[in-house]
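Structure first, then comments.
The chains referred to below are lettered A, B, ... by the order of the sequence lines, with proteins before strands, and numbering in each begins at 1.
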Amino acid sequence: MDLKGLYEELLKIHGKLEKWWPGSSEEIIISAVLTQNTNWKNVERAMENLKSKCESLENWTLLECVHMLREDLPSLIKPAGFYNIKSQRLIALLSWMKQYEFSIEKISEKSTYDLREELLSVKGIGKETADSILLYAFEKPVFVVDAYTKRLLKRLYNTEFKDYDDYRLAFENSIEQDVRIYQEYHGLIVEHSKKYCNSKPKCNSCGLNNSCFQAKYLQNL
DNA sequence: CACCAGGCCCTAT
DNA sequence: ATAGGGCATGGT
C-alpha cells in the first residue's frame, strides 16, 4: 500500500485541485456539519438559504448570524436533511466558538491537538467533522478520513484499519505534513470516488472487482 | 419502489 | 466494546 504513490496517481488523473472545499472558513465550518451523511448538492441549497438570510441582516458575520437564528435554523437548513439534529449541532458548535468571539484568528492560535480535543468535546462533532474543520477552516495539518477513503483502500488494497485514527495516521505517516497537500489529497479521493467508485460494494469479497480498481483508472498501483 | 449521500449519538447486548 | 437504529432531504 503506497499512499504517497496513490496521491501522485490521483493528481495525474484529475489534475491539481486548489481550494477544493468551497467558501470562507466560516462557511466551511457550517457546511462541515451540514454535510454529515448528506449529498453535497443538498448542502449547497441549505448554505444558500443561510447566506441570503444573513446577508439581509447587516453587520453580523455568518457565524454570529447563524448563532442568533437558532429556532429558525431547522427551516433554513431543511434541504440538507436531518435538520433538527443538525440545528442543535450547529448551535452547540457556535456556542463553543462564542467564547472566542467567533474569531477564526483567535481559535487558530491554539495547537492542533488542543483544538481537536475541544472540537471533539462538542456534541455532534465527531472525528471526521472535527478534522474537516481543522484542515479546511483552520488550516491545521490533519488528514481527513471519510467513507470514501475507507472504501477506496478496501477496494485498491483490500485493506481495512481498526478505527478512524488508524486510517488518519496511515496517511499522515506516508506523506509530508503539509496542509495544502492534505487538503488536495482528501479532495482527490472524494472526487475520484464520486466519479469511479460511486456505489457500495455488493458484498465484502467482491470489493476488488469494482471499477475504481481497474487499471484504466489507476495504472501504477 | 429501493438505495444512497463528504456522520454522529444513543442504546441494547 | 460494538453492532444497530434513528435522524430526513433530494437524486438516481
Side-chain angles (χ1 to χ4, degrees), chain A residues 6-7 10 14 17-25 27-50 72-96 116-140 142-155 160-168 171 179 182-204 206-207 210-212:
Chain A
L6 174 59
Y7 170 62
L10 291 173
H14 302 281
L17 220 66
E18 338 230 334
K19 193 69 180 73
W20 171 72
W21 195 305
S24 62
S25 289
E27 290 168 28
I28 290 168
I29 288 166
I30 306 289
S31 56
V33 172
L34 294 182
T35 198
Q36 290 173 350
N37 200 41
T38 298
N39 190 301
W40 184 258
K41 190 69 194 166
N42 290 0
V43 175
E44 289 181 318
R45 301 177 216 275
M47 285 302 293
E48 271 318 302
N49 291 345
L50 288 176
D72 294 330
L73 282 182
S75 62
L76 288 165
I77 67 170
K78 191 162 192 165
F82 303 128
Y83 49 83
N84 288 314
I85 195 156
K86 283 177 181 173
S87 293
Q88 295 177 38
R89 291 174 181 181
L90 283 175
I91 291 166
L93 179 57
L94 292 174
S95 299
W96 169 76
R116 189 169 198 259
E117 290 304 307
E118 289 194 31
L119 282 167
L120 289 174
S121 73
V122 176
K123 185 181 294 192
I125 307 300
K127 289 179 175 175
E128 184 187 337
T129 307
D131 289 347
S132 299
I133 292 171
L134 285 169
L135 180 61
Y136 290 100
F138 295 115
E139 309 203 307
K140 300 292 190 184
V142 177
F143 199 89
V144 177
V145 175
D146 63 356
Y148 288 132
T149 311
K150 295 175 184 173
R151 200 183 306 167
L152 192 65
L153 292 194
K154 167 73 174 162
R155 292 179 180 188
E160 294 174 278
F161 292 96
K162 197 162 66 60
D163 69 14
Y164 179 95
D165 287 311
D166 294 328
Y167 282 93
R168 180 173 61 80
F171 282 91
V179 168
Y182 285 6
Q183 289 177 337
E184 182 173 50
Y185 196 170
H186 172 69
L188 285 167
I189 290 172
V190 174
E191 293 309 315
H192 184 80
S193 299
K194 283 185 181 173
K195 211 163 176 179
Y196 300 119
C197 320
N198 205 25
S199 62
K200 285 184 176 171
K202 305 279 186 278
C203 60
N204 286 333
C206 63
N210 289 285
S211 62
C212 57

Point to revise | Separation of H186(A) NE2 from I189(A) CD1 (nearest 0.5 Å) | key: 7.5 Å
Point to revise | Separation between the P atoms of dA8(C) and dC10(B), rounded to whole Å | key: 15 Å
Practice item. Only one of E128(A), K86(A), R89(A) passes side-chain hydrogen bond (donor to acceptor under 3.5 Å, both in side chains) with Q36(A); say which it is. Key: R89(A)
Revision key, fill the gap. Contact span of DNA chain C against chain A, any nucleotide atom under 4.0 Å from a heavy atom, 5' to 3', runs dC7(C) to dG11(C)
Check your understanding: At what distance, to the nearest 0.5 angstrom, does CD1 of I133(A) lie from CZ of F138(A)?
Key -> 7.0 Å
Study note, to complete from the structure: For residues 116-136 of chain A, the ring pair (Phe, Tyr, Trp, His ring centres under 6.0 Å) pairs (sequence neighbours left out) are W20(A)-Y136(A), W21(A)-Y136(A)
Review point. Would you call F171(A) and V144(A) a side-chain contact if the rule is heavy atoms closer than 4.5 Å?
Key: no
Check your understanding: When you check the side-chain N and O atoms of D146(A) and T149(A), is any donor under 3.5 Å from an acceptor?
Key -> yes
Review point. When rounded to the nearest 0.5 angstrom, what distance separates CG in L17(A) from CD in E184(A)?
Key: 6.0 Å
Point to revise | NZ/NE/NH1/NH2 to OD/OE distance under 4.0 Å, R45(A) and E48(A) | key: no
Check your understanding: Taking the P atom of each, how far is dG4(C) from dC3(B), in whole Å?
Key -> 16 Å
Revision key, fill the gap. Going 5' to 3' through nucleotides 7-13 of chain B and flagging B where a protein heavy-atom sits under 4.0 Å of the base, S where only the sugar-phosphate is that close, and - otherwise, we get BBSS---
